Amino acid sequence: MTESTAVRRGRVRVGVSGWRYPRWRGDFYPKGLPQRRELAYIAERMDTVELNGSFYSLQRPTSYQRWRAEVPADVVLAVKGSRYITHLLRLRDVEQAVANFFASGVLALGDQLGPVLWQLPERHELDVDQLERFLVGLPRTTGEALDLARHHDARLDDRAWLEIDEDRPCGTRSSHGRGRSRRRWSTTSSAATAWR
């Protein structure tokens, strides 16, 4: 297999959307495993994990650093975009909120930063033009994310993470609803392209 063939084929990763599920204790997680070890346990068995606490509130850089330290170096950490942006602002006038999101510590994941997932509300009527504007405004690289993060508001002045070790691609994806006809959008091209 040539190197160009390997690049075209890509890589499939298998993971989970979070790890703190009480019903998994004693079933998937061994009985007696301390809750603080659940992320490490799952990362030994899966090669990607979604950090979904970022959906509910801005996290701190120390949280992202801790999560990165708890998993093997080859585990990719997907980050769920803020529901403040998707559910409350509904993708409108989001520049400041997106800057705050990226300044909150997402970039502290370094080379383990995987896709940023943006879940739209199930009852959000899909407006392709609005979604296009949102996706076009998202950073394509960690360098662009850093530039955007520098425009955070004053609430993050003492806690913003404004460093990257290297400029690399920064993938984003969004999903609409939870039903069988779920739509996903990729920002790998200049226009938002729908695929099922």
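Nothing here was measured: the structure is a model prediction, and the numbers come from that model.
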For the student: nearest non-hydrogen atoms of Phe102 and Ala145, plus distance
CD2-CB, 3.8 Å

Do the non-hydrogen side-chain atoms of Pro139 and Leu148 ever get within less than 4.5 Å of each other?
yes

Taking all non-hydrogen atoms of both residues, which atom of Val76 and which atom of Pro115 are closest, and how far apart?
CG1-CD, 4.3 Å

State whether Glu70 and Arg36 are salt-bridged, where the test is any N-O pair (Lys NZ or Arg NE/NH1/NH2 against Asp/Glu carboxylate O) under 4.0 Å.
no

Does Leu39 form a side chain to side chain contact (heavy atoms under 4.5 Å, CB included) with Val49? I'd like the steps, not just the answer.
CA-CA 8 Å; Leu39 174 58; Val49 178; 4.0 Å; yes

Anything under 30° is parallel, anything over 60° is perpendicular, the rest tilted; go ahead and classify Tyr21 against Trp24.
tilted

Taken to the nearest 0.5 Å, the spacing of Arg140 CZ from Leu135 CG works out to 7.0 Å

Return yes when atom CG of Asp165 has more than 12 non-hydrogen atoms of other residues, nucleotides or ligands closer than 6.0 Å, and no otherwise.
yes

Between Glu50 (side chain) and Ala78 (backbone), is there a donor-acceptor pair under 3.5 Å?
no

Taking Asp47's backbone N and O only, do any of them form a donor-acceptor pair with Arg13's side chain (distance below 3.5 Å, no angle check)?
yes

Would you mind reporting whether Asp111 and Arg168 have side-chain heavy atoms less than 4.5 Å apart?
yes

Examine distances only and state if a side-chain atom of Gln65 and a backbone atom of Ala108 form a donor-acceptor pair shorter than 3.5 Å.
no

So, His87 versus Phe55, ring centres under 6.0 angstrom or not?
yes

Validation row: Leu131, Leu126 side chains within 4.5 angstrom (heavy atoms):
yes

Shortest non-hydrogen contact from Leu146 to Leu162?
CD1-C, 3.3 Å

Pairwise distance CZ(Arg155) to CG(Asp157) - rounded to 0.5 angstrom:
10.5 Å

Nearest 0.5 Å, please: how far is CD in Glu38 from CZ in Arg25?
4.0 Å

Relative to Tyr64, does Arg60 satisfy both conditions: NZ or CZ under 6.0 angstrom from the six-membered ring centre, and within 45 degrees of the ring's axis?
no

Quick one: does Ser54's side chain have a donor or acceptor within less than 3.5 Å of a partner on Lys80's backbone?
yes

Are the ring centres of Phe134 and Trp118 closer than 6.0 Å?
yes

Spatial distance of atom OG (Ser63) from atom CZ (Arg68) [nearest 0.5 Å]
15.0 Å

Is it the case that atom CZ in Arg23 sees more than 12 heavy atoms from other parts of the structure closer than 6.0 Å?
no

Closest heavy-atom contact between Asn52 and Gly18?
ND2-CA, 3.9 Å

Evaluate the side-chain proximity of Leu117 to Val79: yes if any heavy-atom separation is below 4.5 Å, no if none is.
no

Distance-only, no hydrogens or angles: does the Asn100 side chain make a donor-acceptor pair with backbone N or O of Asp153 under 3.5 Å?
yes

Between the CG atom in Leu89 and the CZ atom in Arg83, the distance rounded to the nearest 0.5 Å is 12.5 Å

Where Tyr29 and Trp19 come nearest, the two heavy atoms and their spacing:
OH-O, 2.6 Å

Flag, side chain of Arg159 to backbone of Gln59, donor-acceptor distance under 3.5 Å
yes

Is there side-chain contact between Val106 and Leu51, with heavy atoms separated by less than 4.5 Å?
no

Connected via hydrophobic side-chain network under 4.5 Å: Met46 and Val12:
no

Backbone N or O of Glu163 within a donor-acceptor pair of the Trp161 side chain at under 3.5 Å?
yes

Do Val16 and Tyr56 belong to the same hydrophobic cluster, where Ile, Leu, Val, Met, Phe, Trp and Tyr are linked whenever their side-chain heavy atoms lie under 4.5 Å apart, directly or via other members?
no

Looking at every non-hydrogen atom in both residues, tell me the closest pair between Pro30 and Tyr41 and how far apart they are.
CD-CZ, 3.4 Å

Just how far is it from atom OG1 of Thr142 to atom CG of Asp167, taken to the nearest 0.5 Å?
4.5 Å

Would you say the rings of Tyr84 and Phe101 are close, in the sense that their centroids are separated by under 6.0 Å?
no

